There are 2 protein chains.
Amino acid sequence: MIGSLDERGAQVLRHVVDDYIETAEPVGSRTISKKMGQTLSPATIRNIMADLEEMGYLAQPHTSAGRVPTGAGFRYYVDYLLARRRLARPERDQLQRMAGEAGTSADELVRQMSRLLSNLSHQACVVVVSRFSNQPLRSLSMLRAGVDKVLLVSVMQGGWVEHRLIEEETSLTGDDIERINNYLNELAVGLTLSQLRARILQEMKKEKARYDRLMQRALLLSARALDEGSPTEVYVEGRANILEQPEFVEDVQKLKRILRAFEEKSVIVRLLDKALEGETIQVSIGAENPVEGLPDISVVASGYRLGEATAGSIGLIGPVRMDYSHVIPLVQYTARLLGSVFEHR
Amino acid sequence: MIGSLDERGAQVLRHVVDDYIETAEPVGSRTISKKMGQTLSPATIRNIMADLEEMGYLAQPHTSAGRVPTGAGFRYYVDYLLARRRLARPERDQLQRMAGEAGTSADELVRQMSRLLSNLSHQACVVVVSRFSNQPLRSLSMLRAGVDKVLLVSVMQGGWVEHRLIEEETSLTGDDIERINNYLNELAVGLTLSQLRARILQEMKKEKARYDRLMQRALLLSARALDEGSPTEVYVEGRANILEQPEFVEDVQKLKRILRAFEEKSVIVRLLDKALEGETIQVSIGAENPVEGLPDISVVASGYRLGEATAGSIGLIGPVRMDYSHVIPLVQYTARLLGSVFEHR
DNA sequence: CTTAGCACTCGAATGCTTGGAGTGCTAAAA
DNA sequence: TTTTAGCACTCCAAGCATTCGAGTGCTAAG
């Protein structure tokens, strides 16, 4: 059914999609004819549109309505017809200014960038931070926190800080803790957390042999701390933008499904899954996304890097009828920006 | 206009509110007559309802419709007519089980309790944690985090951990840091953060006199760290429950306003403001809440204590037509539970 | 291959009718 | 004096017919 298009067909498709993105209404042949400077009459356009429909790029809600792009239509549009505009100056400036804010902590910064991105795009913005897997440790320390508790604090490349409070019955002296810290840092700095996990297991055998009870305990505690804890953090900003989209407001069921999805970390992670693999932009149109229950949303997302590894991904979630030509460079730019910000932290 | 009610009037009002809470539809005289076991005919009920309307407790959407409780009607209901039921066993059990989960960190626990509460109530649940103002410090430590950065970590009563990453050009040796830590802990443990702030300012003068450059620097860094940072954290769970309420779904504008409000920390803090003062339950009905733009929501909230001071508040946000007799004990119980959980951390 | 012309389709908007739920009032009953 | 049966009245919601117009597909001429 779906084939390639000649120049004319492509132009018509492009205009249909453009117009539909703008108006959210079915587009008629008259409109397209005008948009193309009346080089072709509505009747001709109708013929072309009928062809496009046959090829699966357009659809008719009912006989006497205009045409609406299908998922395939949007896909073709994004792949071949999109005007790859550069990001407008003022938007670049705003993003850069935000990224330059020095005082904020890493996760506060991400949240604010995400909010700004959602404002600029009028879509909901989602960020997944995979704190652990990939980022090398800058320091790992243990410190006392009250009578029978110790706190394990890890600082990652990029300024991410993670901590775990652990119950510990037997008390450690200040000296003990200092020794442990020296030992841990020697062991850990430069490793990613998953590497460290492996290293600790390895080391535990050695230490057992050496009969150093204190170090054994330190390793045990660290291993325990590393086992717990969620490996990813998720931020959602600009949920209310979903309500700006007529297609969602008309159908409360869709709205509910989307809002529920935003409340499930795992769903969001799955939505942005592909983007986590690299720094290139990923566009899922409609049912293309991996989540079963959400065939009416598109996701435009990109991973952002920190050194060698992908540190997380940032994306926009909205209706299939999204302004891709605007949104794609926005996300792309923001992802790069995030990466470079964390590089210098 | 608004006066006190005789027994009969009160009973009718109670039934109208009960029925309206259940159905979200205007309530007619027939319905009430039946509910009261036909001790009074519909005609009599009509007379009573007309009185209640005159007094401002009921209103008619239009001439030939039933009655709907006004804000004042709900207020009277909550103040005088509510059957103060105890919380049902299974709900108590669920909450307790959740509170007993040992492994989770303080903020993860709050988030999960909040989510559970939103599920049990079918409303959106909001928690405000005022981390700083009131809770005494258990420990305050500085540690190195990379080449030119130090991390200041504070552990509060209740298991709350807070950290700040600070740029620091001149490098500190391990010895320096140890001295600083001893000094800081001596200074800080047992104080609340606001007390500590004052203490540091005091101390800075002294140290200046003593010409101890290292301690000076430590104090400077600490002061800087304490000055930044938001004093409160806010969690919202169960937003999607808002969409279960017909009164909100019918009116997208209201929906938008509510969702936008959920995205503004300051708005939420204002909504729960009164509850932060004490451990008693606060009910704001409709326009009673302090936020201008949200006259259609009710807030049922309670502060939770940690030792002497209020550590935060937890509340439910929903339509004026909320099931107060269910929701009030729910919130009350959860707030107490939270307090006692953090007590033992 | 393009396009003017035309018959046709279908949804959205409009107006009309009807049914029913609910009211207020009055007058009789308790 | 209070209650209630009876009744006229109001108004919304739902159903139905009609109209309007945007848009189509097809055909035949350019």
Side-chain angles (χ1 to χ4, degrees), chain A residues 5-13 15-20 22-70 73 246-247 249-251, chain B residues 5-13 15-20 22-70 73 246-247 249-251:
Chain A
L5 296 181
D6 58 0
E7 180 56 22
R8 257 187 9 182
Q11 286 315 310
V12 171
L13 178 56
H15 280 109
V16 172
V17 175
D18 278 341
D19 193 83
Y20 183 67
E22 202 181 318
T23 65
E25 297 287 322
V27 189
S29 52
R30 260 181 83 78
T31 316
I32 300 300
S33 172
K34 271 187 203 154
K35 280 210 174 190
M36 296 176 74
Q38 258 127 344
T39 55
L40 292 174
S41 77
T44 314
I45 303 289
R46 279 205 286 281
N47 288 328
I48 303 174
M49 281 169 123
D51 293 347
L52 288 170
E53 180 165 2
E54 209 174 341
M55 286 190 275
Y57 295 123
L58 296 180
Q60 258 181 316
H62 56 87
T63 333
S64 71
R67 299 308 208 291
V68 162
T70 61
E247 48 265 72
V249 173
E250 277 161 18
D251 184 341
Chain B
L5 297 180
D6 57 0
E7 180 56 23
R8 256 186 10 179
Q11 286 315 308
V12 170
L13 178 56
H15 280 108
V16 172
V17 176
D18 278 341
D19 193 83
Y20 183 67
E22 202 181 320
T23 66
E25 298 286 322
V27 188
S29 51
R30 258 181 82 81
T31 316
I32 299 300
S33 171
K34 270 188 202 152
K35 280 210 173 188
M36 296 176 73
Q38 257 127 343
T39 54
L40 291 175
S41 78
T44 314
I45 303 290
R46 278 204 285 283
N47 287 329
I48 303 174
M49 281 170 126
D51 293 347
L52 288 170
E53 181 167 0
E54 211 173 341
M55 286 191 273
Y57 295 122
L58 296 180
Q60 259 182 313
H62 55 85
T63 333
S64 72
R67 293 325 204 282
V68 161
T70 61
E247 47 265 72
V249 173
E250 277 162 19
D251 184 341

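Naming convention: chains lettered A, B, ... in sequence-line order (proteins, then strands); numbering from 1 in each chain. Keep in mind that what you see is a predicted model, and the values were worked out from it rather than measured.
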In this structure, how many angstroms lie between the [atom2] atom of [N] and the [atom1] atom of [X], rounded?
{"X": "B:Ile45", "N": "D:dT4", "atom1": "CD1", "atom2": "C1'", "answer": "12 Å"}
{"X": "B:Gln38", "N": "D:dT3", "atom1": "CD", "atom2": "C1'", "answer": "15 Å"}
{"X": "B:Glu250", "N": "D:dC12", "atom1": "CD", "atom2": "P", "answer": "15 Å"}
{"X": "A:Met36", "N": "C:dT3", "atom1": "CE", "atom2": "P", "answer": "11 Å"}
{"X": "B:Glu25", "N": "D:dA13", "atom1": "CD", "atom2": "P", "answer": "10 Å"}

Taking only residues two or more places apart in sequence or in another chain, which ones pass side chain to side chain contact (heavy atoms under 4.5 Å, CB included) with B:Asn47?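 Result, side chain to side chain contact (heavy atoms under 4.5 Å, CB included) vs B:Asn47: none returned.
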Check B:Leu58 against B:Pro69 and note the closest heavy-atom contact, atom names and distance.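 Minimum heavy-atom separation between B:Leu58 and B:Pro69: CD2-CA, 3.8 Å.
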Shortest non-hydrogen contact between B:Pro61 and B:Val68, atoms and distance: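 Nearest pair, atom of B:Pro61 first, then B:Val68: CG-CG2, 4.1 Å.
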Which value, rounded to the nearest 0.5 Å, describes the distance between B:Met55 atom CE and B:Thr70 atom OG1?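 Spacing of CE (B:Met55) from OG1 (B:Thr70) equals 11.0 Å.
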Could you grab the distance from atom CG of B:Leu52 to atom CG of B:Leu13, nearest 0.5 Å is fine?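 B:Leu52 atom CG to B:Leu13 atom CG measures 5.5 Å (nearest 0.5 Å).
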List the atom pairs, donor and acceptor, that lie under 3.5 Å between side-chain atoms in residues 25-37 of chain B and the rest of the protein, sequence neighbours left out.
from: B:Ser29; atom 1: OG; to: B:Arg46; atom 2: NH1; distance (Å): 3.2
from: B:Ser33; atom 1: OG; to: B:Leu40; atom 2: O; distance (Å): 2.7
from: B:Lys35; atom 1: NZ; to: B:Asp19; atom 2: OD1; distance (Å): 3.2

Produce a footprint string for nucleotides 9-27 of chain C: one letter per nucleotide, 5' end first; B if the base is under 4.0 Å from any protein heavy atom, S if only the sugar-phosphate is, - if neither. BBS---------BSBB---
